[in-house]
Each structure stands twice: as structure tokens, then as C-alpha cells.
Amino acid sequence: MTDKTTTMAEAIAAFVHDGDTVALEGFTHLIPTAAGHEIIRQGRRDLTVVRMTADIVVDQMLAGGCVRKLVSSFVGNSSAGSLGELRRRIERADPEPLEFEEYSHYGMIGRYLAGAQRLPFYPVRSYAGSDLVSVNPGLRKVRSPYDDGEQVYVVPPVNPDVTIVHAQRADRSGNTQVWGLTGIQAEAVYAAKKAVVVVEEIVDDDVIRRDPNRTLIPSHAVDAVVACPRGTHPSFAQGYYDRDNAFYRGWSAISADPGRLRAWLSEWVFGTRDHPEYVAKLGERYWAGLAVDDALSLPVNYGKRREHAR
Amino acid sequence: MTDKTTTMAEAIAAFVHDGDTVALEGFTHLIPTAAGHEIIRQGRRDLTVVRMTADIVVDQMLAGGCVRKLVSSFVGNSSAGSLGELRRRIERADPEPLEFEEYSHYGMIGRYLAGAQRLPFYPVRSYAGSDLVSVNPGLRKVRSPYDDGEQVYVVPPVNPDVTIVHAQRADRSGNTQVWGLTGIQAEAVYAAKKAVVVVEEIVDDDVIRRDPNRTLIPSHAVDAVVACPRGTHPSFAQGYYDRDNAFYRGWSAISADPGRLRAWLSEWVFGTRDHPEYVAKLGERYWAGLAVDDALSLPVNYGKRREHAR
Amino acid sequence: MTSTKDTTSSELLSVVASRELAGKRTVFAGIGLPTLAASLAHLTVAPDLEIVYESGVCGAHPSQLPETIADAVLITGAEAVLSMPALFGNVLQGGHIDVGFLGAAQIDRWGNLNSSVIGDWADPSVRLPGPGGAMEVMANSGEVFVVMRRHDPRSFVDKLDFCTSPGPDRALADGIRPLGAGVTRVITELGILARQGVGEALRLVAVHPGVTADQVRAATGWPLEVAEDLATIEPPAAAELRRLREEVDPGRVYLR
Amino acid sequence: MTSTKDTTSSELLSVVASRELAGKRTVFAGIGLPTLAASLAHLTVAPDLEIVYESGVCGAHPSQLPETIADAVLITGAEAVLSMPALFGNVLQGGHIDVGFLGAAQIDRWGNLNSSVIGDWADPSVRLPGPGGAMEVMANSGEVFVVMRRHDPRSFVDKLDFCTSPGPDRALADGIRPLGAGVTRVITELGILARQGVGEALRLVAVHPGVTADQVRAATGWPLEVAEDLATIEPPAAAELRRLREEVDPGRVYLR
């Protein structure tokens, strides 16, 4: 049992370097926002960010000047509007161009699957006839070696230098449990050279071992474990706190104005030393508005062999 | 909410026909033995059985005269010895030949994945240099369309006429929950044209909905739900009863002798009307020897939105 | 008593779309009008309908109206929550979705959709969110319904600026056998355009009361064919509106 | 006091194999000698060692000695239980296994293994269980250890009846770049055969006290090369045997 716990500052310093390819996953649920903020605080540059749904945290990292290239399948502020910085970068190269490599969701999923499984490609049934094929040379065709000789598009593997995901809980060695929407996090971790897991809480080994089927990411795939409660805000952690929909709705106006966006970053990212300060700055009353009541699962029986047996 | 509950006899009559391709999955855990016995009772013929680990239930179905062809990646009585009937069929065509299509475990997994995902093939990293390639024309190579032009073996999809799996519990509509070893059951169900789920118990909808992450097979993929407690014997159901290791050890001697094997079938399969009779015939004292004590998981919180919110 | 006079645009589109789901079993729906239509259909013409969400939720029983496809209220009490590989691979690509709902900035006569850019992809005047899972919904659903609030030549175009989600005709031209029929219904404030599948263009099959075929032609950027037996859409019935207003969206979150 | 005199064959093989796991992090092991070796190594030379089972169990903490790789006691209290696609795809093919243990009916000088048939595949004299996951363990583990109870020319053959699980040399000859080194250690009652990787044949690198190189040559079905610095294996130490007997398998289930 290796203790891999560390602080967010140390994890980002150790595992995210200028020029790295960094995957941040979490599909609406469990978005690793606090990790993105720490990357901004530490002033990383020239990152290639891989993220299926490039949303607020990506817009913030773009505004923080951290990102040279984006690999994504959806670039929008959820259903709440636009990402101002992202659109300025893409539509007007303002303040600088953004390299953009675009896939569909399943294309991204396939890339993670291929990366996790050390496959040279992953076949998908979509893409036929899409103009994406003409702007993304990574999309290629393979012919089936079976009788029908059918063709199918394939996507190339992605192997990020580091994948960062957020989860409800882990033990000190990185056995990580997730419930609610589980997205693509496990495959994104397995596809990466290094993996950082950020959690709402680090729990006793026994809590994990009482329910091994909830462990989606085993410790052998994890390099660092960071406790960072409320680290997904404005995203949510099922059973811990709700999504801050008002923040999402407000973001479109903030990010539409470069001045406001930079002021926001100054106040909330550069103006806080770490995520606990960000949490405290929002205030307990604010968090009370995102609190959820209990809806507990029923226990299942894993069973224990009797001593009498055999 | 469609009620799909039925009896084992009705499910086998409705979904397993002479000449069908039938997948029975469950990797050591949750083997659908009772379904195999009912197939024998109903006298199905010329089946193609697809099963990663062809073990006791397959040996029994072979002896029952149900099987023309076997598709598998492991043919043995676990680590407890040989399958007598299977070896006689393969080594001596006694009493008749057995068509055998052989893969490795991951080849079978890939076939189910391709079948479930409607892919023309699934790529795997193994098989290079194996003699299996020379005896199984289903194993082919594909060249990567990316720079390295690397080659990789692929396996063809499998789409059984019906897949039968056993699980701990389901609701009436087929939302199926499994814990402990989960194997390849979900993919085998999705790969099939029809799917029958056999369970230790049918539970209230609320039990399932209190823990949706445990539902590995959603109702939309299920055609029939059969309650059949202890239906995996001599396999086990985590948290319900233990594996009958003595039965496994005893099987090698039974199946080594065609006479004994047929006598066993007469007594235990043809001699019982259904699985409840088989269970009763073993007797409560026998089952007490396989009973397990409780080891309950801790509940997790899914959370409930407060009315105050937003 | 429920008044059918003050029917809003959202109500009209939801009711009309719900009727098209008669007898369907599985629908892939986003939040907003598709969810309203599917929820209403569940209460009326498609009692066995299951809504599957892109986030991985199957058989949701939300305590409140969800605000996103990943809303926590969709998860708590759901029948199943799947990983993204399972949702996209087994459920969607595996062929378990009867009807997928999609939206788009532009649609052409073959039901091809653009949700990527206005202008050139490499130097767009407007960068839109992009494909998300729309390409997979198009490629793998049995058929696709599109609900478009705006019916005008800027959205119903002769030529897409960019084809994000191609219908089966474009897939075939690319040498790949399509798995679904593509867009079969486009429901707008003016009427319903429809097509059956490969080789067929969208044509006007029904109009709302008071709308003429010429009006729809004028609002469409390609020479729109009109069905010989052009139907008039039955206005929302009082019972439909009552269920929509009182049971589906009592807080009028989407029934703006 | 632990007697080292009455060391059984199983104890000898377990202890010798455990030493070879020094510093390793992940091992893919079946039940029996591999589990004993890995469990002993965990207590001695490889404190961070994790045993991964083909059934999907990672980080098991069994209450009793498991009887199969899928034993219920491996699941209760484990750190993780994975589906088969995750175990074979992400963990094994993904390259997370340092050492895989394999057995076989036949092994050749390149570490290729036969676990399928004696005789012809289509008409075998003995049908063996077949590949299971052995082919994937061979192809994807960093290296593979083989523990063979029997060291004789019927098992150590010049030519396999059937190559079930090919080493990297055969993979390369088939035009595919191998991911692992293949068999690097074969541990038997006579000694240890070893090779580094592609292009290298197994050669005798160590013998048990009292065993001569000629004895091993005679027991091997191909002309066995012997290392110039042929070592003599240190017999099991009292401390190793004590831990094996008292902590790993106190019921002597596998220490027959």
C-alpha cells in the first residue's frame, strides 16, 4: 500500500509541465475545475488540453494563457451559452490563435479506448460523410478483412502525458470510487502516462474494500491522490453538492467580455492561494444553496465464507 | 414498465430453438447452469454454444445431445480436471463429432464487444505467431492506416440468437444488477438478438433505483426475466451462496465415465421437473454447507435536490 | 379548464413532436423540447417509452425537471447509469435507439446537419459547439427527429456551411452502409417536413392551421417539394396541453 | 523452529519463484504456486506487489486461501473488481502487468507455450484446456515467468505440438511488434532457465544444489545452452519457509 496522497499544488507541479498533453475528463459531472485553476495559478504554458466537453474550465485555462492546442468534441458552455475566450481565439485569433483538433464524442471515447488498450486505432460507426473528415487528418478508414469488405472509420489512440479526473473518494493508494455519471474517466486514466485523481474525500481503506465494484480506477493506474472538497465547482459531485447552474448561466456574460473575464481570473484564481480559499471566498451561505439531502443506496451483501466450510 | 417475468421453462421454449446460436456467460461466477439444464430437459438439438469458459454446464449440454458446435476460449473443468464428454467428442468423435471454433479469452471478449457495438471487427494485440490462426480462419489481420502502418489481429463480431446470463437481482422489466465478478455478461447481452436474464431474486423497482450504478444491464436490452434461486450451482452467486468446489472436483470422475454421466443426467436433470426440484433434491443440509455470512457494503449517497434550490 | 387558444410555440412543438413518437420504445433526447415531447408521449401515445440521455442515464425518474442531460436529479432514482463507452458503444451504436432527437444551426434537404461553424471551419465567423454526440445519434438511431424553432432560409439551407452530422445519403457516398434512416421528421412552427430514408429529400407533409405551402416554401432555402396529400396538423388538444402544463413542466421551465 | 531439510517441491518452487519477483509491482497470477510465490514475495522482496487475477480482482485481501482465481473470498474485501473488458483491455493489454505467470503442457527454447493439444489440433490425442487468457498474458505482460513441476523432455520440447501462446520471436515473424519480452524465467525442480527477450533462447542459468548441468540437459528436449557463470540456487531459508508455511498457506492447501 503506497501512500500517494499529496497537495494539489504539488501534484500539478510534479505532473503537469509546459508543453504537456493534459486530459481533463468528467462529463458535466465531476469536472476537475480546481486542478484547472491550479494549472492557471502555476502559469503552465503551451499545453495541449484533451477534453470531450470543452466548457468553463477550458475557457478559463484559455484565458489564463495556458493552452496552445485543444482536442475536443464539444466547445460550449453546456446549454447555457458560449465560451467567450474560446470563440475569440478560434474566430479571431484574439489574443492568439488556438490549434483545434475536433472529433465527435464517440471519436474521443474511441481515442481514449485505443489509448488505454494500446491499440493502433479504434473503429467507430460514425463519421461517414462528415466534413470533419476533411479538416481532421486523424480520421481514416479501414476495410474489414471479412467477407463483406465493409469500410469503417477509425480514430487514433490518445495517450496524454497526464490525465486528471475528479471523483467522490479514494483511498491513500489511489483506489478510486465514482458513482452517478461515470463518463470516460477510467479509460482516460488508463490511456495516460501519469494520472492524478482529485477527490472529495480520502477514505479509510476499509470503506473502499467494503464495496470493490465501485472502484472504477484501481491504484495501479494512479500516481497521485489529492483531497480537494468541492473541487469541481461549478460542476457537481453526486451526493456531495449540486451543480451551480446560476454560475453556468452567468459565465457567458463574464467570458463575452475579455476585461471581465480577466478580472474574474484575478479575483477567483490568482486572488486565491488554493481551492480551500476559493471555497471559503464563496462562503458557507453560498454552499448551503448547493447542498443536497441524503438519498442513500441500500447495501448489498458481498458475503463472507464460514469457517465451517470445506 | 413492461413486466418481462416468466418461468425458466417458458423462457427456454420461447427464446432457444433448435439450431440457434446460444451464448451462456458468467466467468466462474454466476454461471447459468439451471438454464443449461432446462435446455437439456427440453431436448434442444444442433445448438451452437458460445461460452468463454466451457466448463461443467457445457459438458452436461454436450452429454444431453444439444450441441453441434462450440465456440470457446477454455475447455476444462476449471482447475479441477477434465470435461469427459467434451474430450470424447473432440478426441474420438464419440458419440459424434463436435465442431469447435477456438479463440483466446480476449478474442472472445473482442467478439462480444464487436457484436454489441455493431462493429465489423475488433482489434486485439494478441494472436501474432499463434497456431490458433492456422486453425481458425476468423482470425485475420488489419493494417493500421496511421504512420507506422502497424498490423494488428482482429476478431469477427458474434451476435448470438440469444444470450442467457445469471445475475443476483433484477426488477420485473429487466434492469439487472450484478456485483462481485461481472465478467462479460453485459456485452454478451448487448451482442445478442434476444436476451434472457436469470436472477436469484426479482426485487421491487425501488431496490434497483436506489443504486442505478449497479445496473449493468438496462431493461431495454432484456427480453425475459426468470427468477431461479440457486440457479448457478455448482457455480456461485456472490453474497448468496458459495461455490460448490466438491462438486467440481467430483465432476471429473463422473464425466470420465459415459455411463455415470448419463446416469447423473437422468437423475439430476431429466429426473427433476425444474430447478426448484433440483434444489430440493440436494436438500437444505447440503445448501447449508454453501451458505455464506453477511459482509454488507456501506451505502453511498446519491443525493436529493432540496426544494429550496434555485 | 385548459385553454388551447394561448398555446405557446414551445407547447405547439412539444405536442406535435410527441405525437410522432407513437409506439416508439427508446428515444435519445436532449433537454428542452425533446424531453418535453418525450415525456408527454410517455403519458399519451407511447406508454413504454424510455428516454436515454447522452450522459448515460437510462430510465430516469427525476424528482424535479432536469436542467441538463446530466442533472443530478436524473441520476438519483434512475434505473441505470452507464459509462460513456457503454452508452455510445452498446446502446447507441448497438442499435437500441428507435428515435434520436437532434438540433442544428443548419439543415439541408437530405437531413444533413451543421452544428459546427458559420463560415469556414478553419476561420469561422461563428464557432458553434460542434458535434458532441450528434454524429453518433445520426449514424446509429433508427431515425432522427429534428425540432427547429426557427423555420427560415438561414437555417433551412441549400448548402450547409459545414456538414457536422451526415445523413445516410452522404454516408453511402462515402462508401459506408448507413445503419439508420437519418432525419425522417423536421417539426417547426410552420409544419412538418418528412423523408423515409436513403435517396429521399425532405418534403412538406403537413402544415399548421392557417399556414400555406407557399409560406413554407418561402421560408426554406431549397426548392421544397410538397406532398400531394398535404395535411393540416391537428392543433394541440386540451388534454394534451393539460398534461404538458400540469404534469410534464408545471414550473414552465421550458414552456416559455 | 522451521526445518529447511524437509522442504517439499512446492515449497522449493514457491520460494525460488518469489525471489524473482524482487521489486516488481504488479503480477498476474493463477491459483497454486504462482499465488504462493507472489504472496511470499509480498511479505519479503516485493512489499508493494499487487496480484491481479484473470477474473478481474485487483488488490485482494482474502479471508481464506482462495481455491480458484474467481473465489468469492478474493472478491469480498478486494480493492477493485473489474469487468473482463477492463481487465484484459486496460490492465493487461494496457501494459500494467510487470510479470505474468503461465503454465503449459509444453515449452520450447524460445519460451513459446502449448496448452491446447497433444497431437494434431483437428484430431488430438489429448485435448487440453486451451488458451484462456494465456495468449494475452504472454503478449502483454512485461515479462512472463513459468513454473513447471515436471522438467523432462516431454514438457521441454524441441518442437511444440501446437503453439498456443507465442513469445515475441514468433510474433515478430508474423509481422507484429511484440509488447513484452515473453518468457524470461522458467523455474523447475532442477533449476532456472532464463532469456532476456527477442532473439534469445532459454539457457540454464542456475541449478539447485546437487543438480548438474548435464542432468538438466538430459531432461530438456532441445540442446540446452548453459551459462558460463552457472549459479547454484540458495536453498530456501528458514525465514522464507516459516513465512510460507505459517503466513501464506498455513492450511497447506497448495504446499502439498
Side-chain angles (χ1 to χ4, degrees), chain B residues 27-29 52-54 72-80 82-83 86-87 90-91 93 100 102-107 109-110 112-113 124-135 141 148 150-153 179-187 216 236 238-239 242-243 245 248 292 295, chain D residues 30-32 54-57 67-77 81-85 88-89 92-93 112 114 116-117 119 121-136 138-140 160 162-179:
Chain B
F27 189 83
T28 309
H29 185 217
M52 286 176 64
T53 51
S72 182
S73 45
F74 187 89
V75 292
N77 178 12
S78 179
S79 47
S82 281
L83 302 177
L86 182 135
R87 287 188 55 183
I90 291 184
E91 294 170 7
F100 184 32
E102 190 172 16
Y103 294 86
S104 67
H105 277 351
Y106 198 46
I109 292 167
Y112 283 124
L113 287 167
V124 297
R125 276 286 194 185
S126 33
Y127 289 99
S130 173
D131 280 335
L132 260 192
V133 170
S134 64
V135 298
K141 273 188 218 165
D148 50 10
E150 200 173 1
Q151 293 188 97
V152 67
Y153 272 92
W179 59 97
L181 300 175
T182 58
I184 194 66
Q185 284 95 310
E187 292 76 10
L216 296 194
F236 68 109
Q238 191 82 34
D242 216 336
R243 190 172 189 262
N245 289 321
Y248 278 86
V292 295
Chain D
I31 292 299
E54 194 178 48
S55 56
V57 180
E67 295 201 33
T68 74
I69 56 161
D71 195 316
V73 302
L74 289 170
I75 285 87
T76 303
V81 178
L82 304 180
S83 72
M84 306 225 76
F88 276 85
L92 192 46
Q93 193 170 282
N112 302 307
N114 173 18
S116 296
V117 288
W121 183 88
D123 185 19
S125 61
V126 181
R127 175 65 229 193
L128 301 165
M135 198 190 287
E136 282 78 31
M138 180 72 93
N140 298 303
L160 302 176
F162 186 89
C163 176
T164 312
S165 303
D169 294 280
R170 282 184 65 117
L172 263 184
D174 197 7
I176 290 181
R177 175 174 57 85
L179 296 173

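Note that this is a predicted model, so its numbers are computed, not measured. We name chains A, B, ... by the order of the sequence lines, and we start the count at 1 in each one.
Between His105(B) and Phe88(D), the ring-plane angle classifies as perpendicular under the 30° and 60° cut-offs.
The most heavy-atom pairs under 4.5 Å with chain B, out of Pro178(D), Gly30(D), Ala70(D), come from Ala70(D). Ranked by heavy-atom pairs under 4.5 Å with chain D, the first of Ala54(B), Gly183(B), Ser82(B) is Gly183(B). The greatest number of non-hydrogen atom pairs below 4.5 Å with chain D, out of Tyr248(B), Tyr153(B), Phe27(B), Tyr106(B), is found for Tyr106(B). Counting heavy-atom pairs under 4.5 Å between each of Ala139(D), Pro129(D), Pro166(D), Gly130(D) and chain B puts Pro129(D) at the top. When Leu82(D), Asp123(D), Thr164(D) are compared by the number of non-hydrogen pairs under 4.5 Å with chain B, Thr164(D) comes out ahead. With respect to chain D, the highest number of heavy-atom pairs below 4.5 Å among Thr28(B), Ile184(B), Ile90(B), Leu83(B) belongs to Ile90(B). In terms of heavy-atom pairs under 4.5 Å with chain B, the best-connected choice from Pro168(D), Pro85(D), Ser83(D) is Pro85(D).
For Asn140(D) (side chain) and Arg125(B) (main-chain N/O), no donor-acceptor pair under 3.5 Å exists by modelled atom type. For Asn112(D) (side chain) and Gly167(D) (main-chain N/O), a donor-acceptor pair under 3.5 Å exists by modelled atom type. With hydrogens and angles ignored, the 3.5 Å screen pairs a side-chain donor or acceptor of Glu54(D) with a backbone N or O of Gly133(D). Checking side-chain atoms of Ser104(B) against main-chain N and O of Gly107(B) turns up a donor-acceptor pair under 3.5 Å. Using modelled atom types, no side-chain atom of Asp131(B) and backbone atom of Ser134(B) make a donor-acceptor pair closer than 3.5 Å. Looking at Ser130(B), its side chain never comes within 3.5 Å of a backbone N or O of Val133(B) through a donor-acceptor pair.
Proximity to chain B (any heavy atom under 4.5 Å) is shown, for Val117(D), by neither the backbone nor the side chain. When heavy atoms are compared at a cutoff of 4.5 Å, Ser78(B) approaches chain D solely by way of its side chain, counted from C-beta outward. Only the backbone of Leu128(D) comes within contact range of chain B, with heavy atoms under 4.5 Å apart. Interface remark: Glu187(B) contributes side-chain atoms only to the contact with chain D (heavy atom separation under 4.5 Å). When heavy atoms are compared at a cutoff of 4.5 Å, Phe236(B) approaches chain D solely by way of its side chain, counted from C-beta outward. For a residue to count as touching a neighbouring chain, one of its non-hydrogen atoms must lie under 4.5 Å from one of that chain's; by this rule Val292(B) does not touch chain D. Within the 4.5 angstrom heavy-atom criterion, only side-chain atoms of Ile109(B), from C-beta onward, approach chain D. Using a 4.5 Å cut-off between heavy atoms, Ala72(D) contacts chain B through both its backbone and its side chain. Looking at Tyr127(B), both its backbone and its side chain come within 4.5 Å of chain D, counting heavy atoms on both sides. Contacts between Tyr112(B) and chain D at a heavy-atom distance below 4.5 Å are absent for every atom of the residue. Both the backbone and the side chain of Glu91(B) come within contact range of chain D, with heavy atoms under 4.5 Å apart.
The minimum heavy-atom distance linking Val152(B) with Val124(B) is given by the pair CG2-O, 3.1 Å.
Applying the side chain to side chain donor-acceptor pair (under 3.5 Å) criterion to Gln151(B), with sequence neighbours excluded, gives no partner residue.
Under a 4.0 Å N-O distance rule, the pair Glu150(B)/Lys141(B) does not qualify as a salt bridge. A salt bridge is absent between Arg177(D) and Asp148(B): the closest approach of a Lys/Arg side-chain nitrogen to an acidic carboxylate oxygen does not fall below 4.0 angstrom.
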